[in-house]
Amino acid sequence: MGMTQSITKENLINKAREVFTSNTLQGFSHWKNTDYKFIAPSNKEYVFQWLWDTAFHAIVLSHFDNDWAKEEILNLLKGQGEDGFIPHIIFWGENKKLPHWAYIESMISVRPRTSSITQPPVLGMTIEKIYEKDHDKEFLKKTVDKIALHHKWLLDNRDNDQDGLISIISPNESGMDELPVFQVAANYTGEKTAMLHYTYRKGDFKNYRHKFNSKKILELDYFNVEELLFNTIFIESTRSISRLYLELDKQEESDYFKNVADNCENSLLTKCWDENDEIFYSLYSNNEKMAKVKTVASLVPLLLDGLNGDKIDKLVNNHLLNENEFWTPYPFPSVAKNEPYYYPNETPSYKIKLLWRGPTWISTNWLIIKGLRKHGYNAIADGVVLRMLQMIEREGFREYYNPETGAGYRRENFGWSTLLIDLL
Ligand code: GLC
């Protein structure tokens with residue numbers, strides 16, 4: 001696609017390389033008795049290794065340094081539990097003073113130096129992308145089984161009702177921390193920031209008290225969300241795993257994972273579609289109630305192969321392109337414009353930070369744009385990419401952006417905002 005005058009793909013790649021280099025942390029870890037080296041999301045505050053950020057960094061790296069991409073994934077997998085579980089954060093570097101939230105996250109864990117919750121499983125999609133670049137079967141052999149084991153862990157521990165949809169047990173597992181969907185699920189629909197944080201952390205402490213026994217936590221039903229973005233990514237990554245097993249001549253494993261993906265996809269497409277609002281919603285509680293808040297997660301199922309006909313038409317034309325919902329000058333806002341929770345600006349500094357309550361994030365844009373292209377909406381996709389280019393050229397790689405003005409907010413040189421490169 002066309003570029004704006006001053007910025008080229010090569011240009012962006014050079015900038016991404018600088019960001020990744022300056023965000024790289026390395027050392028020796030005593031608890032794991034191993035060297036570590038990884039790209040942190042930012043060189044301020046976010047100085048640990050996150051699951052889905054790592055996947056996104058590796059996807060970008062596959063465009064200019066595939067070996068580095070592989071190292072990022074292999075370093076993340078060093079933090080995998082023996083049960084197959086992959087944590088959302090690895091707190092490499094034990095001498096580091098932790099910011100207060102990280103201190104809490106690391107304390108309420110039953111696993112040493114990692115969190116006990118996970119994050120959207122983007123790794124399957126990521127290693128397929130890396131594999132497509134150089135067909136390195138040795139890399140596949142080192143990674144596919146491990147990632148497949150994580151998917152099996154999710155199936156064994158997070159699907160009490162056996163419908164194929166995976167449940168999350170904390171808002172932070174969605175990657176979209178304070179998305180208002182979770183307020184409905186956690187039963188606090190008020191607007192007090194402190195109360196909201198308290199509500200979410202209270203659930204996390206309960207999880208800790210139950211030693212992160214997921215089955216028990218889901219039975220107790222105080223926080224149980226079959227979340228749209230998490231499951232869409234689970235389906236896509238499971239399909240990748242299935243295809244990669246074929247590359248390794250493992251037909252049986254390949255069939256197994258295809259079946260898992262089909263099941264989950266069927267459930268998502270039927271159970272999460274609301275006939276009245278004609279949009280997808282996440283489900284919460286053992287009664288599978290719909291959390292009826294329109295957020296960017298409602299658009300993410302666009303990425304699914306099985307989405308078609310009326311549903312895709314309604315999703316794109318009535319919601320994605322609707323100026324009162326998601327079609328802002330710099331799409332796609334994390335919360336639809338006509339929701340009472342929509343707040344496009346940066347949180348004032350005297351308030352506790354709330355993320356994912358209006359601003360546009362590059363990670364979710366990446367998922368939606370890939371979905372639009374998969375289903376042939378190329379002109380819409382290219383239009384959004386152009387707006388992203390303009391925004392990033394002007395503001396740099398920021399953590400998130402104002403969906404109306406494009407103003408960049410919070411951390412600078414933020415790793416995953418380089419995902420724009422993968423869309424060009
Ligand atoms: C924020 C985001 C989360 C991300 C993390 C590190 O917590 O909500 O998705 O993984 O920052 O960038």
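These numbers come from a predicted model, not from an experiment. Atoms within each ligand, like the ligands themselves, are counted from 1 in listed order.
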Residues which pass ring-ring contact (aromatic ring centres under 6.0 Å, His included) with Phe56, listed by chain and number, not counting sequence neighbours: Trp52, Trp366, Trp416
Main-chain N/O of Thr405 paired to Tyr401 side chain as donor or acceptor, under 3.5 Å: no
Answer yes or no for Arg398 and Phe414: cation-pi contact, defined as NZ/CZ to six-membered ring centre under 6.0 Å and angle to ring axis within 45°. no
For Glu346, is there an ion pair with Arg410 - N to carboxylate O distance below 4.0 angstrom? no
Heavy-atom cut-off of under 4.0 Å around ligand 1: list whichever protein residues fall inside it, by chain and number. Pro41, Tyr46, Trp50, Trp52, Asp53, Gln119, Gly175, Asp177, Leu355, Trp356, Phe414, Trp416
Any ring-ring contact (aromatic ring centres under 6.0 Å, His included) involving residues 7-29? Give me the pairs, sequence neighbours left out, ordered by first then second residue. Phe20-His57, Phe28-His30
Could you list the residues that satisfy side chain to side chain donor-acceptor pair (under 3.5 Å) with Tyr281, not counting sequence neighbours? Asp277
